[in-house]
Amino acid sequence: QWCVSVGLIHEGVSQMGAVYLPVLDELYWGVRGQGSFCNGIRLSTVDRDSLHVEDTICVTSNAAKSLNIEAINGRIRCFGSIATELCYTARGNITATLGLKEGIVDIAAALCICSEAGCVFEYLDGEPVNVVELLDTTRTYKHFVYGPPRLVKHLQTILHVTA
């Protein structure tokens with residue numbers, strides 16, 4: 001998967017983002033306080049307290065090397081584009097996305113799209129990701145999970161760093 005993504009962050013808050021997947025002709029966009037959309041259809045995640053065996057979780061290659069992903073009751077995938085994976089999470093095609101050492105330039109656009117769809121962005125230890133700090137460090141420095149709030153809490157309880 002590949003895409004073009006552009007995001008605007010002002011004073012540590014994601015204000016808007018757009019992600020275009022040319023091969024699929026899918027345009028995702030979000031504006032703070034106005035929702036997020038894919039090709040004009042409003043995005044909204046479905047939250048729950050556990051995973052189903054048919055759920056798909058995206059795990060970036062960096063995160064997969066150091067997490068106990070066998071604890072996930074579902075399908076594990078990596079599409080190779082964190083922006084795409086996050087947009088699929090916002091749309092509900094992917095249940096959640098786990099990552100590590102992802103760059104702000106790769107996730108900036110999806111931050112607004114995901115939050116406007118009802119997702120939260122937290123480190124695996126429960127700490128919210130500080131976007132101002134992320135702008136300074138340019139990459140996430142520990143494992144994160146992006147998804148619906150209750151499902152994020154569930155993943156935080158079952159996953160831990162192995163290496």
Side-chain angles (χ1 to χ4, degrees), residues 1-9 13-32 35-47 51 54-70 72 74-124 128-131 133-149 151-152 155-156 159 161 163:
Q1 298 284 351
W2 65 278
C3 63
V4 178
S5 65
V6 179
L8 173 65
I9 297 172
V13 178
S14 180
Q15 300 295 322
M16 62 179 60
V19 175
Y20 181 60
L21 286 73
V23 173
L24 301 174
D25 194 28
E26 292 178 345
L27 176 63
Y28 295 83
W29 74 93
V31 177
R32 185 169 184 243
S36 57
F37 305 85
C38 176
N39 292 348
I41 299 170
R42 190 175 192 98
L43 303 177
S44 180
T45 60
V46 176
D47 204 359
L51 291 170
E54 296 295 322
D55 287 336
T56 302
I57 305 288
C58 276
V59 182
T60 65
S61 54
N62 285 329
K65 295 173 189 173
S66 55
L67 283 176
N68 64 320
I69 57 174
E70 70 278 355
I72 295 173
R75 299 175 177 147
I76 307 295
R77 300 289 184 264
C78 178
F79 295 145
S81 165
I82 188 69
T84 300
E85 293 165 352
L86 292 174
C87 286
Y88 286 175
T89 300
R91 190 168 70 181
N93 299 81
I94 300 299
T95 308
T97 297
L98 298 159
L100 172 67
K101 298 180 183 174
E102 299 301 326
I104 185 65
V105 297
D106 299 315
I107 63 175
L111 292 175
C112 185
I113 296 166
C114 285
S115 65
E116 287 296 314
C119 294
V120 295
F121 187 27
E122 294 182 359
Y123 286 113
L124 210 51
V129 176
N130 182 324
V131 177
E133 183 179 90
L134 189 54
L135 289 168
D136 288 337
T137 60
T138 70
R139 295 195 169 278
T140 57
Y141 64 95
K142 54 186 177 178
H143 295 85
F144 68 83
V145 57
Y146 220 134
L151 190 59
V152 163
L155 290 168
Q156 289 167 331
L159 293 171
V161 178

Exercise. Going by the angle between their ring planes, with limits at 30° and 60°, are Trp29 and Phe37 parallel, tilted or perpendicular?
Worked result: parallel

Exercise. Roughly how far apart are Leu111 CG and Cys119 SG, rounded to 0.5 Å?
Worked result: 11.0 Å

Exercise. Side chains of Leu51 and Leu155: does their closest heavy-atom pair fall under 4.5 Å?
Worked result: yes

Problem set entry | Qualifying residues under salt bridge (Lys or Arg N to Asp or Glu O under 4.0 Å), relative to Asp47, sequence neighbours excluded | none

Exercise. Hey, is the main chain of Thr140 close enough, under 3.5 Å, to the side chain of Tyr123 for a donor-acceptor pair?
Worked result: no

Seminar exercise, completed: dist Tyr146:OH -> Leu86:CG (nearest 0.5 Å) comes out at 7.0 Å

For this session: Please tell me if the side chains of Phe121 and Ile107 come closer than 4.5 Å, counting only heavy atoms from C-beta onward.
Result: yes

Problem set entry | Heavy-atom side-chain contact between Ser36 and Arg91 under 4.5 Å | no

For this session: State whether the side chain of Glu85 and the backbone N or O of Phe79 hold a donor-acceptor pair below 3.5 Å, judged by distance alone.
Result: yes

Problem set entry | Pairwise distance SG(Cys112) to CZ(Arg32) - rounded to 0.5 angstrom | 8.5 Å

Exercise. Quick one: CG on Leu98 to SG on Cys78, what's the gap to the nearest 0.5 Å?
Worked result: 11.0 Å

Problem set entry | Minimum side-chain heavy-atom gap Leu159-Ile72 below 4.5 Å | yes

Exercise. Measuring from Tyr88:OH to Ile113:CD1, what's the distance to the nearest 0.5 Å?
Worked result: 12.5 Å

For this session: Just do the side-chain contact (heavy atoms from CB on, under 4.5 Å) check on Ile69 and Ile57 with the steps written out, would you?
Result: CA-CA 10 Å; Ile69 57 174; Ile57 305 288; over 6 Å; no

Problem set entry | Side-chain ion pair, Glu54 and Arg75, N-O less than 4.0 Å | yes

Exercise. Side-chain contact, heavy-atom cut-off 4.5 Å: Ser5 with Tyr28?
Worked result: no

For this session: Could you name each residue pair satisfying side-chain hydrogen bond (donor to acceptor under 3.5 Å, both in side chains) that touches residues 100-110, not counting sequence neighbours?
Result: Thr60-Glu102

Exercise. Can you list the residues that meet the side chain to side chain donor-acceptor pair (under 3.5 Å) rule with Ser81, with sequence neighbours excluded?
Worked result: Thr84

Exercise. Backbone N or O of Asp25 within a donor-acceptor pair of the Asn39 side chain at under 3.5 Å?
Worked result: yes

Problem set entry | Euclidean distance, Gln1 CD relative to Leu24 CG, rounded to 0.5 Å | 5.5 Å

Problem set entry | Smallest separation among heavy atoms of Ala90 and Ala117, with atom names | O-CB, 3.5 Å

Problem set entry | Side chain to side chain, Val131 and Val13, heavy atoms closer than 4.5 Å | no

Exercise. Mind checking whether Val161 and Leu67 have side chains closer than 4.5 Å, heavy atoms only?
Worked result: yes

